Amino acid sequence: MISFDESSPQPLTKRLKLAADDGLGPPRLSPAWKIYVTESLGPDGKVFGLQEIFFSARAVVEEDSKQSAASFTAASNGQGNPCYTFRMERRQGGPMSQFRGEERILLFRSDKAGAVAKIIYSSEAPDEDVTRESFASSSDAIPLLQEEGTPSLQPPSLTAHAKIHVLDVKSQYRGRDLGGLLFSEAITALKSTYCDDDDESDDAGKDQVESLQRRKKRIYDVKCSLDAEEDVTRHGKLVKFYEQLGCRVKPSGKVQYVNNNDHETYRKVPMQIDLHPSRVDSPSKQERSRLRRKKLSQLVSSKGSFLPVQLVGSSGKLLVRSHGKCRELKLDWLLYECPAGIQFISTHGHILVAKPNGDVSVLSLEDQDNDFSELDIDIDELKTWTYFVPCHASEQDRGQFNYKDLWVMRTHHGTFLTANSFDHALSCTRLPSFWQPNGDNLSLVCTSDTPPRRHHYRKSWKFQTYEYVMTMRSRFLNFSLGKATLFQALNWVHQFPANPFHSWSHGEDFGPSLRTLSFLMAETAREEGFPDWVQLVALFHELGEAVKVLDPETKEMADSLYDWTISSRSRIVGCKVPDRASFSEFRHLNTDEVDSRYNTDVGAYSPHCGLEKVFLMWSGCEYMYHLLRHNSCLPDEGLAMIRYFLLGDWHEHYEYSALTNEDDADVLPFVSEFDALRRRVRLKCMDCRDLSDDQCKLLWEGHYAKVTKLELTHLFSWVFMLRRKLTLMGSRPLIHVQDF
């Protein structure tokens, strides 16, 4: 909680101690928010699958924009993004085979003819037909202790030979480790054939000893060779690729340089990977290892169709912890669809498992020889740990899917798959974390976006037209709602959340309030050395939400339809909106988009008229800009901070160049600095506790009440961080009572 030292002269942020209150229970979803994540079944009553997640309709057809939405959907689903999956097929021999013992594993895409990737390999057991019993009296035999302590003899392993002749992935499908997938499948097949002593006819109900005696399968070591054939564009890359898969360059191998009559010179690097049977020191451990391998193979519900998908966070591919948390791996994933949900299997055969304690790790065939207790639980229970149920986080009618829709991945334990923001590793949390699928590049992005935020921006695009803004300006800019002190307005916004789009809350609370955010931002500005007038801007810029207290009609509309008082990214109405605008996928909902008066670079304005003469979206900050301009004498830079910090397309990306002028360029550094300050404070406010009434009163009376009574000569005698001196605009004091 936040502790105060009333005698300390330092700002609040020097004295803040942000700590969780141990008396609070686990965080819970607010009731109003839960409606967004209840949809876990499709219209047919089945769990959502890969088609709904990655290839559903990309736009919602509104009554007033059917043509544009339909054309958008057709373009995205027709040519650019059809629904498809991949499947593997293993073939042995046949009239097309060129090598003795040849096998092929082919990768097909469901909507196209022909293989998109393939691996061709061959293998052969040694010619000698020697049984293990013939080595019982041999000096080369290896003693093996049985559980009873009676020594037994095991013959030395014979060596089978294999060679990988071709591993090819078409260029447009590279970068997904599909080559690693085919290589791993081939190695797994070779191990199963030569190294594993599993007996497919084994009866689990038989005694272990009887099972061991009945098994007659021959066990071999395997030496698998291949040539890494590289062109100049992949020099060294292919060798490194195979080394990551467990291969090594043959010490005695000779590198060859060949020309395939395509004006390119290739080098062939001889490489090898050695496969060995599992080395165990007793029959019981051998049997235990065999049963664990069998369990792992049973964990995958289906080896049918799949999608190669990358799990991505803010810093790229997400990490996942290996068994025992000894390593963090960056893996490429295959998503398999099954009746109970979705399974994540890596291209190297790792299985993603969500544990009851919230840990997420991967099981692999290498883990089965270790002391991995999870493999000893009931196989049906363990399999449920590998299922993730996709839940559609819809902000509109059930069963409709949008481009950039959000999803959550719910586990069997009721937790949700997420990416840890500190180490970017997969984990589970009790609160939903949202994933945004992309069917174009087959990625699943862990995003900080939430359904309430998307819902708000969707309404913003629909309602915030030029005509709407004119109506709101005529209604509110006469400032006839009433009178109040700024401190009264600060107390009013205590009932509104600082983070209205977040899904978490503590108990029945909604986290820190807007009043807490306002004071924390002002105190941060004070600590960082900003002048008093910037501290006041930081303290008052969000007070537009107080309109919901003064105006019942605004409150009713905010609760039922659209809350314009919430701060969100803004834009200029009456002209063409930049393509990079936030949530631009909803722009088809705005009628100004098809109005020739408002869809050009200049629109309803004059070229280079300046931002002061344009109309921005009607928002709480836009209202506060006009209110403070009407009531006080903040400098132009301060007013610009309040009005333009949400216009990120201008101060971050320099859009609206057809409208801006030199005056706008002068205030842009101030606006950009203020926006950066606000972003830092909002991150800080995520974990802080709400300020009490007494704490806010102490801050107000101790500093800010005095600042509002100072004359401007005291406020402006300061050089800004950017070394740009302010022009003094006058000397009358700030007005303490505001006309709202």
Side-chain angles (χ1 to χ4, degrees), residues 86-109 111-127 159-191 193-194 221-275 308 310 317 330 332 347-348 441-442:
F86 291 82
R87 64 178 176 86
M88 282 187 296
E89 185 175 319
R90 183 179 174 186
R91 299 177 182 176
Q92 295 179 321
M96 300 294 293
S97 62
Q98 302 178 14
F99 309 97
R100 183 177 179 181
E102 179 179 314
E103 296 186 47
R104 298 176 298 282
I105 301 178
L106 309 176
L107 184 63
F108 295 95
R109 179 169 154 169
D111 63 331
K112 293 182 180 293
V116 301
K118 63 183 177 182
I119 186 170
I120 301 176
Y121 62 97
S122 61
S123 63
E124 186 176 8
D127 293 336
T159 300
H161 294 272
K163 183 174 179 62
I164 295 178
H165 304 281
V166 176
L167 175 57
D168 179 58
V169 179
K170 290 187 176 180
S171 58
Q172 61 268 39
Y173 298 100
R174 291 172 184 167
R176 300 281 172 173
D177 197 33
L178 296 180
L181 167 65
L182 295 178
F183 184 90
S184 298
E185 288 290 323
I187 294 300
T188 300
L190 289 172
K191 282 185 175 181
T193 301
Y194 296 104
D221 285 324
V222 179
K223 288 187 177 181
C224 180
S225 61
L226 65 146
D227 292 325
E229 187 172 309
E230 303 177 322
D231 57 24
V232 292
T233 62
R234 293 192 292 171
H235 186 81
K237 292 183 179 179
L238 203 54
V239 171
K240 184 178 180 180
F241 166 75
Y242 284 122
E243 287 178 338
Q244 292 173 340
L245 293 173
C247 301
R248 57 184 174 86
V249 178
K250 288 183 178 180
S252 59
K254 183 179 180 181
V255 178
Q256 299 180 2
Y257 293 87
V258 297
N259 191 309
N260 292 340
N261 297 322
D262 56 359
H263 306 290
E264 291 285 352
T265 299
Y266 298 83
R267 71 169 195 159
K268 297 173 66 174
V269 183
M271 303 189 73
Q272 179 176 309
I273 182 171
D274 298 327
L275 312 177
Q310 291 184 338
K317 289 172 64 174
K330 280 189 178 181
D332 291 274
T347 52
H348 295 173
N441 61 13
L442 292 181

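Values in this document were obtained by computation on a predicted structure and should not be read as measured data.
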Got a list of side-chain donor-acceptor pairs under 3.5 Å for residues 119-126, not counting sequence neighbours?
residue, atom, partner, partner atom, Å
Tyr121, OH, Glu103, OE1, 3.1
Ser122, OG, His165, NE2, 2.8
Ser123, OG, Tyr194, OH, 2.9
Glu124, OE2, Arg100, NH1, 2.9

Among residues at least two apart in sequence or on other chains, which ones pass side-chain hydrogen bond (donor to acceptor under 3.5 Å, both in side chains) with [X]?
| X | answer |
| --- | --- |
| Lys317 | Asp332 |
| Gln272 | Asp274 |
| Asp227 | none |
| Arg91 | Glu89 |

Evaluation steps, side chain to side chain contact (heavy atoms under 4.5 Å, CB included), between Arg104 and Ser97: CA-CA 9 Å; Arg104 298 176 298 282; Ser97 62; 4.1 Å; yes
Nearest heavy-atom neighbours spanning [X] and [Y]:
| X | Y | answer |
| --- | --- | --- |
| Ala117 | Leu182 | CB-CD1, 3.6 Å |
| Lys163 | Leu226 | NZ-CA, 4.2 Å |
| Gly180 | Phe241 | N-CZ, 3.5 Å |
| Leu190 | Cys224 | CD1-SG, 4.2 Å |
| Thr347 | Asp177 | OG1-OD2, 2.5 Å |
| Val255 | Arg267 | CG1-CB, 4.2 Å |

Around atom NZ of Lys223, are there more than 12 heavy atoms from other residues, nucleotides or ligands closer than 6.0 Å?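 No, because the 6.0 Å sphere around NZ of Lys223 holds 12 heavy atoms or fewer from other groups.
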For Ala115, side-chain contact (heavy atoms from CB on, under 4.5 Å) partners two or more places apart: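 Scan of Ala115 (side-chain contact (heavy atoms from CB on, under 4.5 Å), adjacent residues dropped) gives Leu106, Phe108.
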side-chain contact (heavy atoms from CB on, under 4.5 Å) partners of Lys112, counting only residues at least two apart: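 Scan of Lys112 (side-chain contact (heavy atoms from CB on, under 4.5 Å), adjacent residues dropped) gives Arg109, Tyr173.
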What distance do Met271 atom CE and Leu238 atom CG have between them, rounded to the nearest 0.5 Å?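 Answer rounded to 0.5 Å: 8.0 Å.
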Rounded distance (nearest 0.5 Å) linking atom CD of Glu243 with atom CD1 of Ile273: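 Here the rounded value is 11.5 Å.
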Between [X] and [Y], is there a donor-acceptor pair closer than 3.5 Å when you use the side chain of the first and the backbone of the second?
| X | Y | result |
| --- | --- | --- |
| Glu229 | Tyr266 | no |
| Gln310 | Gly175 | yes |
| Glu230 | Gly236 | yes |

Please determine whether side chain to side chain contact (heavy atoms under 4.5 Å, CB included) holds for the pair Ile187 and Lys191, giving the CA-CA distance in whole Å, both sets of side-chain angles, and the decisive distance to 0.1 Å. CA-CA 6 Å; Ile187 294 300; Lys191 282 185 175 181; 4.2 Å; yes
Checking Leu167 against Tyr242 for the side chain to side chain contact (heavy atoms under 4.5 Å, CB included) test, could you report, in this order, the C-alpha distance in whole Å, the side-chain angles of both residues, the deciding distance, and whether it holds? CA-CA 11 Å; Leu167 175 57; Tyr242 284 122; 3.4 Å; yes
Carefully, step by step, assess Val249 and Val239 under the rule side chain to side chain contact (heavy atoms under 4.5 Å, CB included). CA-CA 8 Å; Val249 178; Val239 171; 4.0 Å; yes
